[in-house]
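Below is one structure, written out as structure tokens, with a few remarks after it.
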Amino acid sequence: MTAVRDSTGRIVTERLRLRQWTEADLAPFAAMGKDPRVMAYFPTLLTRAESDAHAARAHQTIATTGIGFWAVETLATGRFIGFTGIKPVTLASPVAGETEIGWRLARDAWGMGYAREAAAAALHIAFERGLASVVAMTVADNTASWGLMERIGMARRRDLDFDHPDLPDGHRLRPHIVYAIAAP
């Protein structure tokens, strides 16, 4: 799977467009943040203000660096379905300073291969930019997420697993597992 940039700089795959965030993305993104299934592996559901702040940070990162967690829409409908992308890890952890890949899709976009297609495009862009490697992290119970990591060619890095520093001891989401992939 390859990704190409269109004339406006957006990343286009067979069925998706990864692009800068717009005002129209905020309401559907906020709905995702209130969906207990979408947010099952996050400590809390998001308020509208928290969701909007996340989108604003993603927008700013893309605007200043050219990479980040891009909004994802389907080419067929133009509908916003979530985000996928790459960004530097700022969390105090063994992977701090590495580039991470991440994604979150609306529940009605699950099971269609969109996450894999978008993640593969993000990896393509990462390696096109000359990055030597990319990491991903999740909780061990999030089998869908680490399963996707494996499907896009990432390998488990037990030596980099860590406890999330922002969560208290004993919290079910504190232990995090790490996957990584080197540039081809």
Side-chain angles (χ1 to χ4, degrees), residues 1-42 44-89 99-129 131 134-138 142-154 179 181:
M1 203 302 310
T2 58
V4 297
R5 291 209 184 248
D6 68 12
S7 61
T8 64
R10 298 173 296 188
I11 301 155
V12 179
T13 68
E14 181 181 333
R15 301 178 298 158
L16 303 172
R17 180 177 294 115
L18 286 64
R19 56 163 175 76
Q20 181 59 284
W21 291 73
T22 68
E23 186 75 25
D25 301 328
L26 299 181
F29 185 57
M32 287 173 51
K34 292 182 184 307
D35 184 325
R37 288 186 57 200
V38 171
M39 300 301 290
Y41 299 104
F42 293 88
T44 62
L45 300 179
L46 299 178
T47 65
R48 175 63 189 256
E50 290 168 332
S51 177
D52 287 356
H54 176 89
R57 284 189 305 274
H59 185 280
Q60 184 60 35
T61 299
I62 295 164
T64 58
T65 68
I67 61 170
F69 286 167
W70 296 288
V72 178
E73 68 183 22
T74 65
L75 291 176
T77 65
R79 183 176 70 90
F80 170 87
I81 60 169
F83 71 79
T84 303
I86 52 174
K87 70 176 188 68
V89 177
T99 298
E100 94 173 280
I101 186 169
W103 47 80
R104 188 179 317 157
L105 296 184
R107 189 170 8 147
D108 65 355
W110 293 0
M112 298 180 200
Y114 291 144
R116 183 177 184 171
E117 187 173 328
L123 282 179
H124 176 85
I125 297 301
F127 297 139
E128 181 181 80
R129 290 178 65 101
L131 293 174
V134 174
V135 300
M137 61 192 105
T138 190
N142 191 349
T143 57
S145 189
W146 60 256
L148 176 56
M149 294 170 193
E150 291 176 356
R151 287 190 301 280
I152 61 172
M154 301 185 91
Y179 279 72
I181 187 170

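For the single chain, residues carry numbers from 1 onward in sequence order.
Atom CG of residue Leu148 and atom OH of residue Tyr179 lie 11.0 Å apart, to the nearest 0.5 angstrom. Atom CE of Met32 sits about 9.5 Å away from atom CG of Leu46, to the nearest 0.5 Å. Put simply, CG on Leu26 and CZ on Phe80 are 8.5 Å apart, with the number rounded to the nearest 0.5 Å. A distance of 6.0 Å separates CE in Met154 from CG in Leu123, rounded to the nearest 0.5 Å. Annotation: the span from Arg107 atom CZ to Ile81 atom CD1 amounts to 15.0 Å, rounded to 0.5 Å. One finds the CZ atom of Phe83 at 10.5 Å from the CD1 atom of Ile62 (value rounded to the nearest 0.5 Å).
Using a 4.5 Å heavy-atom threshold, the side chains of Met149 and Asn142 count as separate. Side-chain atoms of Met137 and Val89, non-hydrogen and from C-beta on, do get closer than 4.5 Å to each other. Contact check for Leu75 versus Arg15: no side-chain heavy atoms found under the 4.5 Å cut-off. A heavy-atom distance below 4.5 Å is not found between the side chains of Thr13 and His124. Residues Asp108 and Arg79 form a side-chain contact, since some pair of their non-hydrogen atoms from C-beta on lies under 4.5 Å apart. The shortest side-chain heavy-atom distance between Ile67 and Lys87 does not fall under the 4.5 Å cut-off.
What you find for Ala109 and Tyr114 is that their closest heavy atoms are O-CD1, 3.6 Å. The shortest heavy-atom contact between Trp110 and Leu105 is NE1-O, 2.9 Å. Ala30 and Arg48 make their closest contact through CB-CD, 3.4 Å (heavy atoms, listed as atom of the first residue, atom of the second, distance). For Thr61 against Gly68, the heavy-atom pair with the smallest separation is CG2-CA, 4.2 Å. Taking each heavy atom of Ile101 and Ala122 in turn, the nearest pair found is CD1-CB, 3.9 Å. Here the closest non-hydrogen pair linking Val72 and Ala118 is CG2-CB, 4.4 Å.
Remark: aromatic rings of Trp21 and Phe69 are distant, center separation not under 6.0 Å.
The closest donor-acceptor contact from the side chain of Arg151 to the backbone of Gly147 lies under 3.5 Å. The closest donor-acceptor contact from the side chain of Asp52 to the backbone of Ala49 lies at 3.5 Å or more, if one exists at all.
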Given the rule in the side-chain contact (heavy atoms from CB on, under 4.5 Å) test, do Ile152 and Ile181 qualify, once you have shown the distances and angles that lead to the verdict? CA-CA 9 Å; Ile152 61 172; Ile181 187 170; over 6 Å; no

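A salt bridge does not link Asp35 to Arg104: none of the charged nitrogens lies less than 4.0 Å from a carboxylate oxygen.
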